[in-house]
J.: 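Here it is, the structure, as structure tokens.
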Amino acid sequence: MHKKTQEDSFYDKVYAVARQIPHGRVTSYGAIANFLGTAGTSRMVGYAMGNCPGLMPPVPAHRVVNRIGLLTGKHHFGSPTMMQQLLENEGVEIEDDKVKNFKKLLWDPAIELNYDDYK
DNA sequence: AAGCTGACAGCAG
DNA sequence: CCTGCTGCCAGCT
């Protein structure tokens, strides 16, 4: 253990967490922000997603929705229905741009993940 | 360097 | 339930 390599910008942390979202599950921007210990930066989480296209490995941004399960970022997937289709393809039911059973499908990193592993 | 942005969240009406 | 206003802060121009 010599240097750090922990240069991980806030964005990188967001991506790291987002990549842990299980297939067929979803989380919220606020949940990720809160998990990173920076509650209030939920907007940055979404902003970070705007930079994710082209990243390797890819970030399942379609699994990140707002606090009520609304597909607020659907307009950033090329097609307004792309995000919904991606989710439905994973078995996530969408109704009126909202994730059905959101509360049940919600994957909270603060519970599922260990913060010390991402700090 | 200074100001603006924004894929949100919380609260009030 | 919905609509609108405010706060939040890292990143970008």
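This is a predicted model, so every value here is computed, not measured. All chains are named by letter (A, B, ...) in the order of the sequence lines, taking the proteins before the strands, and each is independently numbered beginning at 1.
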J.: Any idea which of B:dA9, B:dA7, C:dC9 is nearest the A:M44 side chain?
T.: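 Closest of the options to the side chain of A:M44: C:dC9.
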
J.: If you check the A:Y47 side chain, which of B:dA7, B:dA9, B:dG6 turns out closest?
T.: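 Between B:dA7, B:dA9, B:dG6, the one nearest the side chain of A:Y47 would be B:dG6.
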
J.: Tell me which nucleotide among C:dC9, B:dA7, B:dA9 gets nearest to the side chain of A:F77.
T.: B:dA7

J.: Between B:dA9, B:dA7, C:dG11, spot the one nearest the side chain of A:M49, thanks.
T.: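 From the listed options, B:dA7 comes nearest.
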
J.: Which of these nucleotides, B:dA9, C:dC9, C:dG11, is closest to any side-chain atom of A:T41?
T.: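 Comparing B:dA9, C:dC9, C:dG11 against the side chain of A:T41, the answer is C:dC9.
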
J.: Expressed as a whole number of angstroms, how long is the span from A:F35:CZ to B:dC8:P?
T.: 21 Å

J.: Taking all non-hydrogen atoms of both residues, which atom of A:N34 and which atom of A:A39 are closest, and how far apart?
T.: OD1-CB, 4.1 Å

J.: Do you know which of A:I21, A:L87, A:V64, A:L71 makes side-chain contact (heavy atoms from CB on, under 4.5 Å) with A:V26?
T.: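 Testing each of A:I21, A:L87, A:V64, A:L71 against A:V26, the sole residue satisfying side-chain contact (heavy atoms from CB on, under 4.5 Å) is A:L87.
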
J.: To the nearest Å, give me how far apart CG (A:L36) and C1' (B:dC8) are.
T.: 14 Å

J.: Starting from the 5' end of DNA chain C, give me the residue, A:Y11 or A:K98, whose nearest nucleotide shows up first.
T.: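 Looking at DNA chain C, the more 5' nearest nucleotide goes with A:K98.
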
J.: C:dC12, OP1 or OP2 - any side-chain N/O from A:N51 closer than 4.0 Å?
T.: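 For C:dC12, OP1/OP2 do have a side-chain N/O of A:N51 under 4.0 Å.
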
J.: Measure CD1/A:I32 against C1'/C:dC8 and give the value in whole Å, please.
T.: 17 Å

J.: Let me know the distance between CG of A:D97 and C1' of B:dA7, rounded to the nearest Å.
T.: 13 Å

J.: Would you indicate whether the side-chain heavy atoms of A:V14 and A:Y11 approach each other to under 4.5 Å?
T.: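 With C-beta onward as the side chain, the pair stays apart.
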
J.: B:dG10 C1' sits how many Å from A:I68 CD1, rounded?
T.: 13 Å

J.: Rounded to the nearest Å, what distance is computed from the CG atom of residue A:N66 to the P atom of nucleotide C:dC2?
T.: 12 Å

J.: Rounded off to whole Å, could you give me the CG-to-P distance for the A:L70 and C:dC1 pair?
T.: 13 Å

J.: Under 4.0 Å: is that the gap between some side-chain N or O of A:T72 and OP1 or OP2 of B:dC8?
T.: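 True: A:T72 side-chain N/O within range (under 4.0 Å) of B:dC8 OP1/OP2.
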
J.: Could you check if a side-chain atom of A:Q20 sits within less than 4.5 angstrom of a side-chain atom of A:E112, using non-hydrogen atoms only?
T.: no

J.: Counting only side-chain heavy atoms from C-beta out, which of C:dC8, B:dA7, B:dA9 sits nearest to A:H76?
T.: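 Of the options given, the side chain of A:H76 lies nearest B:dA7.
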
J.: With respect to the side chain of A:R43, which nucleotide from C:dG7, B:dA7, B:dG10 is positioned closest?
T.: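 The listed nucleotide nearest to A:R43's side chain is C:dG7.
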
J.: When you measure from the side chain of A:F10, which nucleotide among C:dC12, C:dA10, B:dA7 comes out closest?
T.: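 Side chain of A:F10 sits closest to C:dA10.
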
J.: Atom CZ of A:F102 to atom P of B:dC8: distance rounded to whole Å?
T.: 13 Å

J.: Could you tell me whether the side chain of A:F35 reaches within less than 4.5 Å of the side chain of A:T27, counting heavy atoms only?
T.: no

J.: Mind checking who C:dC9 pairs with, Watson-Crick or G-U wobble, both distances under 3.5 Å?
T.: B:dG6

J.: With nearest nucleotide decided by heavy atoms, which residue, A:T38 or A:R67, maps closer to the 5′ end of DNA chain C?
T.: A:R67

J.: If you take atom types as modelled and just measure distance, does the side chain of A:Y29 reach the base of B:dA7 with a donor-acceptor pair under 3.5 Å?
T.: yes

